[in-house]
Amino acid sequence: LAELDVLEASAAEEAEVAAARVEEQLQRLPVLEDAAQQVQQQWTALRERLTQVQQALGVQAAEQRALDEQLGQLRQREQRLSAERGRVETPDPQRLQHRRQELEFAEGALAQAQARLHDAELALPQAQAAWREAQQAEREEARRGADIRARLQALQALQERLANDERLQPWLRQQGLEGLASLWPQLDPEPGWEAAIEAALRERVRARCVRQLDDLAGLQRTAPPAKLAFLALSAAAPAAEGATQALPDPAATPLLQRLRVHDVVLHAVLADWLQGCLTAPDLTTALRWRSALRTGQRLYTPQGHSVGRYDLTFHADDDPQSGMLARAHEIEDLQRQARAHELLHDDARQRAQRAEALVGELTERIRQIRRELAELQQRRHALQLELLAGEQRAQEARRHQERLAHDLHEVQAQIEALQERHVQSELAFEALNMQLADLQEQVRLAEERAMRAAAECDAVREQWRAAERQ
């Protein structure tokens, strides 16, 4: 029993000790629970921070993937822009400069052609006016020549008709004298004295030249139907130098001196016929000089009027054959005029031809210059279009190059910015990785502490329950 008592006393003592320990543990339990709760809260907070870091890492990873994708796209665009920049066709500057020089040359040639056209167009009206004047002068000379020739032909026809007197021609043919030469063609009076010569010589002006006058004795039985004179020059002898006849006035020259005769025999005949025939400038003078006239002398005026010592005879062209010498002079003068006008007409025609040729040359020159102008204008227009198109292409190429360079610069700037962001993202990712590893360690340690605190609380509770069961 004693042992039982001892055992009971010992058990009681142990129970008291255990109860004391349980009491002591129970007193520590709230502290342990608080500590376990704090450890649990720390672990929970660390888990939340770990989740946040993991999320941040996910975000950084997604951002890096996005940055990598953007960088890839930008680098592809950079490659495309660089390739496109290399494919941009820029017109050859030397070709454009050559076209500018050609255009400058074409414009210079065009200006020269326009100046030549202006000069030719100014010269053409003047040349046309000169041509019209030359044509008018040619027509005028032709008209004058035609008038002169018509007058000449009329006078020649009249002279021939009168020289071949229709009244005498049948008689001359009948007598075998048709071919006899006339005297009047050999007479060459001074101009203005034809009427005086005819008045003095009368029908002897138209005398027919024969060899012997004796051969005409038989004509008295068949006298001519009109006045007719014959002249035998073979029977005449040169006039001998005689005494100078007395003149009523020194100015009263012999009428013979008004004749230009080169044949000495004819001169002798005329000297015989015109013996005593003197000249006076007009009728008034002749009347004043008549008192000094000698026997057989008469004064003749240019009009053919004659004055003797006791008479005054007025000359008139009462015979159709009168005026043959004047007509002969007029015919000679008209022949000279006709030859002169022929030369003048030829000269006027040549001037008209030259003027016409000049007009044709100027017209052809204007046509050629206008054709040249049209070709030069087309050439200039083509060069302008080509140069404009080339400059536009060059400008477009420059703008395209500038735009590509700008875009490429922007892309490169974006690439640099993204690369900088990528570097920053990688640094942030590394920092988060390090923070994640640290947090994971802290979570593991906090979890171990929480498990130990929970285990310690569970142990205390178990001890308390065990004590209560005892």
Side-chain angles (χ1 to χ4, degrees), residues 150-189 193-237 255-256 258-259 261 263 265-277 296 298 300-308 311-335:
R151 174 67 177 167
L152 176 60
Q153 291 172 0
L155 287 177
Q156 286 175 335
L158 177 61
Q159 193 81 324
E160 183 179 359
R161 182 172 59 82
L162 294 177
N164 300 320
D165 193 341
E166 295 177 355
R167 297 173 298 173
L168 293 174
Q169 286 303 313
W171 183 86
L172 290 171
R173 283 196 299 270
Q174 184 180 0
Q175 304 302 324
L177 303 174
E178 184 179 9
L180 296 178
S182 298
L183 173 63
W184 68 266
Q186 303 179 54
L187 301 179
D188 186 16
W193 290 96
E194 298 90 346
I197 298 297
E198 288 194 21
L201 296 179
R202 299 182 64 82
E203 63 272 7
R204 287 175 294 184
V205 171
R206 296 180 295 278
R208 303 299 176 99
C209 298
V210 296
R211 292 183 179 180
Q212 297 292 332
L213 291 177
D214 296 338
D215 296 338
L216 303 177
L219 296 180
Q220 61 181 341
R221 293 187 298 271
T222 56
K227 291 181 180 181
L228 180 60
F230 290 95
L231 170 64
L233 291 177
S234 60
L255 183 58
L256 181 61
R258 301 296 182 179
L259 276 170
V261 180
D263 188 290
V265 177
L266 180 59
H267 187 275
V269 174
L270 294 174
D272 179 62
W273 287 352
L274 298 176
Q275 180 67 33
C277 296
R298 293 188 69 82
Y300 286 86
T301 67
Q303 295 79 20
H305 309 318
S306 62
V307 176
D311 66 279
L312 166 61
T313 303
F314 285 98
H315 177 71
D317 293 334
D318 52 352
D319 189 342
Q321 292 183 336
S322 299
M324 294 191 69
L325 297 180
R327 281 194 298 273
H329 268 180
E330 187 176 359
I331 288 172
E332 291 177 0
D333 185 61
L334 287 174
Q335 287 174 339

Side-chain contact, heavy-atom cut-off 4.5 Å: [X] with [Y]?
{"X": "Pro189", "Y": "Glu198", "result": "no"}
{"X": "Leu183", "Y": "Val269", "result": "no"}
{"X": "Leu152", "Y": "Gln335", "result": "yes"}
{"X": "Arg327", "Y": "Gln156", "result": "no"}
{"X": "Leu255", "Y": "Ile197", "result": "yes"}
{"X": "Asp311", "Y": "Thr313", "result": "yes"}
{"X": "Ser182", "Y": "Arg208", "result": "yes"}
{"X": "Tyr300", "Y": "Arg298", "result": "yes"}

Closest heavy-atom contact between [X] and [Y]?
{"X": "Ala195", "Y": "Pro302", "answer": "CB-O, 3.5 Å"}
{"X": "Gln303", "Y": "His315", "answer": "O-CD2, 3.6 Å"}
{"X": "Trp193", "Y": "Thr301", "answer": "CZ3-C, 3.6 Å"}

Around Arg173, counting heavy atoms of other residues, nucleotides and ligands shown, do more than 12 lie under 6.0 Å from its CZ? yes
Just verifying a value: how many Å separate [X] [atom1] and [Y] [atom2], rounded to the nearest 0.5 Å?
{"X": "Leu270", "Y": "Cys277", "atom1": "CG", "atom2": "SG", "result": "11.0 Å"}
{"X": "Leu213", "Y": "Phe230", "atom1": "CG", "atom2": "CZ", "result": "9.5 Å"}
{"X": "Leu274", "Y": "His267", "atom1": "CG", "atom2": "NE2", "result": "9.5 Å"}
{"X": "Leu266", "Y": "Leu231", "atom1": "CG", "atom2": "CG", "result": "7.5 Å"}

Checking Asp272 now: which residues fulfil side chain to side chain donor-acceptor pair (under 3.5 Å) with it, not counting sequence neighbours? none
Set out, in order, the CA-CA distance, both residues' side-chain angles and the distance that settles side chain to side chain contact (heavy atoms under 4.5 Å, CB included) for Leu334 and Leu155, then state yes or no. CA-CA 9 Å; Leu334 287 174; Leu155 287 177; 3.3 Å; yes
side-chain contact (heavy atoms from CB on, under 4.5 Å) against Pro224, all qualifying residues, sequence neighbours excluded: Leu168, Trp171, Leu228
Could you tell me whether the side chains of His329 and Glu194 share a donor-acceptor contact shorter than 3.5 Å? yes
Taken in chain and number order and not counting sequence neighbours, the residues that satisfy ring pair (Phe, Tyr, Trp, His ring centres under 6.0 Å) with His305 are Phe314
Donor-acceptor under 3.5 Å (Arg206 side chain, Arg202 main chain): no
